[in-house]
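For reference, the structure discussed in these notes is given below.
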There are 2 protein chains.
Amino acid sequence: MSTKTKVTIHDIAEKLNITASTVSRALNDNPRISDATKKAVLKTAKQLNYQPNNIAAALRHGKSYIIGVIVPTADRYFFASVVRGIEEIANNLNYKVIICQSYDNYEKEVQTIEALLNARVDGIIASIGKNTENFDHFKKVQSKGIPLVLFDRTTDELEVSQVMIDDYLGAYKTVEHLIQQGCKRIAHFTSPKKVSVFKERLRGYTDALRDYDIPYDEQLVIKGDLQLEDGREGMKKLLKLKQMPDAVFSASDYAAMGAMQVLKERDIQIPQQVALAGFSNEPFTSFTDPPLTTVDQRSIKMGNITAELFFEHFKSGEKGIVSQKTVLKPELITRKSSLRK
Amino acid sequence: MSTKTKVTIHDIAEKLNITASTVSRALNDNPRISDATKKAVLKTAKQLNYQPNNIAAALRHGKSYIIGVIVPTADRYFFASVVRGIEEIANNLNYKVIICQSYDNYEKEVQTIEALLNARVDGIIASIGKNTENFDHFKKVQSKGIPLVLFDRTTDELEVSQVMIDDYLGAYKTVEHLIQQGCKRIAHFTSPKKVSVFKERLRGYTDALRDYDIPYDEQLVIKGDLQLEDGREGMKKLLKLKQMPDAVFSASDYAAMGAMQVLKERDIQIPQQVALAGFSNEPFTSFTDPPLTTVDQRSIKMGNITAELFFEHFKSGEKGIVSQKTVLKPELITRKSSLRK
DNA sequence: TATTAAAATGCAATCGGTTGCGCAAATTAT
DNA sequence: ATAATTTGCGCAACCGATTGCATTTTAATA
């Protein structure tokens with residue numbers, strides 16, 4: 001049953017004694033083709049088991065109807081959800097999405113961009129890898145006139161449209177919440193990387209402290225990779241201080257989880273002795289004991305908006321490429337890890 | 001700076017007063033081209049900011065160097081890891097992977113296959129959606145001579161190569177473990193779907209009971225979608241029985257988590273009163289309190305093997321398409337949720 | 001130096017659709 | 001009945017790279 005010779009529109013044309021052009025137009029429902037012919041073509045196509053070849057079409061009109069999405073990793077709920085949000089919009093517009101993971105690896109990110117460019121995707125949506133400090137590969141995308149939109153992990157070094165949440169606000173509200181719960185010595189886990197989200201969260205943290213007249217203590221700001229293990233290390237470090245913190249606001253749920261583990265191992269009461277808050281609203285945060293206070297990043301929404309913004313650019317074509325910055329409001333989700341009353 | 005006119009090999013050729021064929025061969029490092037020419041071509045290519053067009057190449061030689069991977073969802077650790085495993089192998093061989101999610105939706109799965117076929121991917125690796133009971137779309141792939149390999153969620157209704165873990169063994173060992181911990185009334189969460197993995201886990205469960213002379217009680221087998229909420233419902237149902245179970249073996253970590261929540265809400269001791277075990281070794285299982293006993297599915301390894309198997313088929317071409325079934329051994333990970341001593 | 005083999009490049013068809021333009025037949029308007 | 005449109009379809013170029021075969025150039029051999 002295996003079709004040895006690929007059937008093309010020419011085969012259909014031959015069988016019907018018409019030309020390939022007509023078949024092509026019929027298949028594309030071109031109004032200049034009669035209904036009778038269309039019907040006949042469709043029927044013959046089915047009969048011959050015709051499979052359209054997008055490659056050929058893409059070559060001809062320079063569009064592949066594919067957009068590339070680059071995320072650091074797809075196994076994090078946040079990124080997976082954004083992708084889902086993007087797909088919803090894209091699929092509606094008959095675009096396919098190809099998901100690529102950079103694994104936060106700079107070289108892989110560069111290679112991926114190159115591959116997408118070679119594959120002639122119609123555009124790229126990306127979230128920058130943690131270790132990326134040079135943005136030439138993104139500039140290349142732009143210089144080729146390929147629409148580019150960044151989300152969440154963005155940078156100001158590029159004149160590009162971007163969608164993110166207000167990390168500053170999310171952090172500010174979280175710290176404010178901790179303060180209102182009576183915490184006075186609040187530590188923060190952050191990243192030394194050049195990624196704006198972490199810088200913004202740090203800024204929200206310091207501003208909230210300042211606004212509530214709580215002195216900033218450098219010892220309480222721990223820099224690390226924000227993985228679980230980093231959270232564990234960070235917490236241990238904090239516990240060695242002369243004066244223990246009474247709260248930890250982590251820029252990552254995973255690091256917050258690491259802190260929680262250490263606290264529980266040492267029978268330190270959460271939140272009575274140390275209150276905890278993370279960031280991202282990973283699903284597991286509601287599974288922990290106590291459940292973890294965190295900040296929801298509106299991931300699906302972010303995906304939707306990113307895609308919509310992307311397609312706007314896309315339609316406007318060359319002109320009107322005024323890059324645009326959309327900032328979503330995050331939502332603080334308070335759970336037992338920080339609720340003291 | 002935006003390159004308005006796309007530069008092609010013809011532009012390079014013109015500039016060097018040679019033909020496009022030579023340029024093409026030079027770029028592909030064809031031995032029939034002199035080093036001098038190669039060097040010149042490479043230099044001019046860089047200078048002109050040439051970007052290869054894979055679409056054209058793909059059209060010409062019928063290969064896209066892209067393989068499509070279909071997973072129910074990419075945000076589950078297991079699937080994400082398998083994808084990672086596949087990518088490792090594929091990238092080494094200079095193949096790109098495009099990840100597609102079916103969201104366990106039959107129509108979307110069919111559409112995705114169609115899209116991949118149209119896109120002329122060189123092959124497809126897939127894990128079947130939960131609700132898929134008709135496999136014509138996969139048969140179509142095979143009938144077109146496109147290499148196909150399934151992993152984890154497979155089916156016997158297709159004569160196709162597949163890679164999976166020994167779900168039966170994983171379940172058997174888990175139940176055996178629970179029995180050895182002194183449990184005598186072990187419940188099981190499973191799915192009513194036609195997916196072999198769940199059927200195998202159920203079989204492992206029943207066989208273990210039988211081998212240890214524990215009567216099978218239908219009331220203890222709860223069928224559902226295995227999401228968190230289903231686990232909660234299932235546990236509530238179990239707690240209403242005249243005789244409460246003293247263990248629950250769930251075919252999914254999420255459902256096990258739901259059960260754990262309900263038990264904790266009612267102050268039922270885990271594992272003393274009810275021991276718990278899940279399946280998949282999702283990362284969060286080590287974050288719960290108590291940490292959840294579960295079965296690791298060797299996900300990265302599975303990805304590697306799946307990809308290797310795929311490329312074997314790929315190379316062997318039309319002939320030698322003897323479909324092959326690889327079964328990996330799962331690993332039981334015992335944690336506090338089931339350790340009674 | 002003439003001859004032959006080897007090396008380097010050119011020619012032109014090809015992959016499978018798409019599309020601007022043109023022409024003839026059918027339909028409508030005058 | 002004739003002119004003006006409209007409709008339906010064909011022709012042929014084109015998208016950009018690849019490749020079998022022919023041809024030219026260079027090197028080796030007689």
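A note on names: the letters A, B, ... follow the listed sequences, proteins ahead of strands, and every chain is numbered from 1.
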Original post:
Is a side-chain donor-acceptor pair under 3.5 Å present for A:E159 with A:Q142?
Top reply: no
**OP:** May I ask you to decide whether A:K96 forms a salt bridge with A:D122, counting only side-chain N to carboxylate O separations under 4.0 Å?
**Re:** no
Subject >> B:S34 and B:T37: side chain donor to acceptor below 3.5 Å >> reply: yes
Subject >> Rounded distance (Å) that lies between atom P of C:dT19 and atom CZ of A:R60 >> reply: 6 Å
Original post:
What do you reckon, are the aromatic ring centroids of B:Y95 and B:F314 less than 6.0 Å apart?
Top reply: yes
Original post:
Quick one: B:I18 CD1 to C:dC11 P, roughly how many Å, whole number?
Top reply: 12 Å
Original post:
How close or far is atom P of C:dT9 from atom CD1 of B:I9, stated in whole angstroms?
Top reply: 15 Å
**OP:** State whether A:D104 and A:K193 are salt-bridged, where the test is any N-O pair (Lys NZ or Arg NE/NH1/NH2 against Asp/Glu carboxylate O) under 4.0 Å.
**Re:** no
Original post:
OH of A:Y65 versus C1' of C:dG17: gap in Å, rounded?
Top reply: 13 Å
Subject >> Sorted by number, the residues of residues 23-37 of chain B with heavy-atom contact under 4.0 Å to DNA chain C >> reply: B:R25, B:P31, B:R32, B:I33, B:S34, B:T37
Original post:
Just how far, in rounded Å, is C1' of C:dC15 from CG of A:N53?
Top reply: 8 Å
Original post:
How large an angle, rounded to 10°, do the end axes of the helix from C:dT1-D:dA30 to C:dT30-D:dA1 enclose when each is built from five base pairs?
Top reply: 40°
Original post:
Should the pair A:R298-A:D152 be classified as a salt bridge under the 4.0 Å nitrogen-to-oxygen rule?
Top reply: no
Original post:
Just the endpoints, please: which first and last nucleotides of DNA chain D, 5' to 3', lie under 4.0 Å from a heavy atom of chain B?
Top reply: D:dG16 to D:dC21
**OP:** Scan residues 122-146 of chain B for pairs that pass ring pair (Phe, Tyr, Trp, His ring centres under 6.0 Å), counting only residues two or more places apart or in two chains.
**Re:** B:Y106-B:H137
**OP:** Return the minimal non-hydrogen interatomic distance between A:A58 and A:S64, and the atom names on each side.
**Re:** CB-CA, 4.0 Å
Subject >> Proximity to DNA chain D (any heavy atom under 4.0 Å), residues of residues 116-123 of chain A only >> reply: none
**OP:** Using a 4.0 Å heavy-atom cut-off across all strands, classify A:L59 as base, sugar-phosphate, or nothing.
**Re:** base
Subject >> 5' priority, DNA chain C, between A:H61 and A:I55 [closest heavy atom] >> reply: A:I55
Original post:
Residues two or more places apart in sequence or in another chain: which of them pass salt bridge (Lys or Arg N to Asp or Glu O under 4.0 Å) with A:K301?
Top reply: none
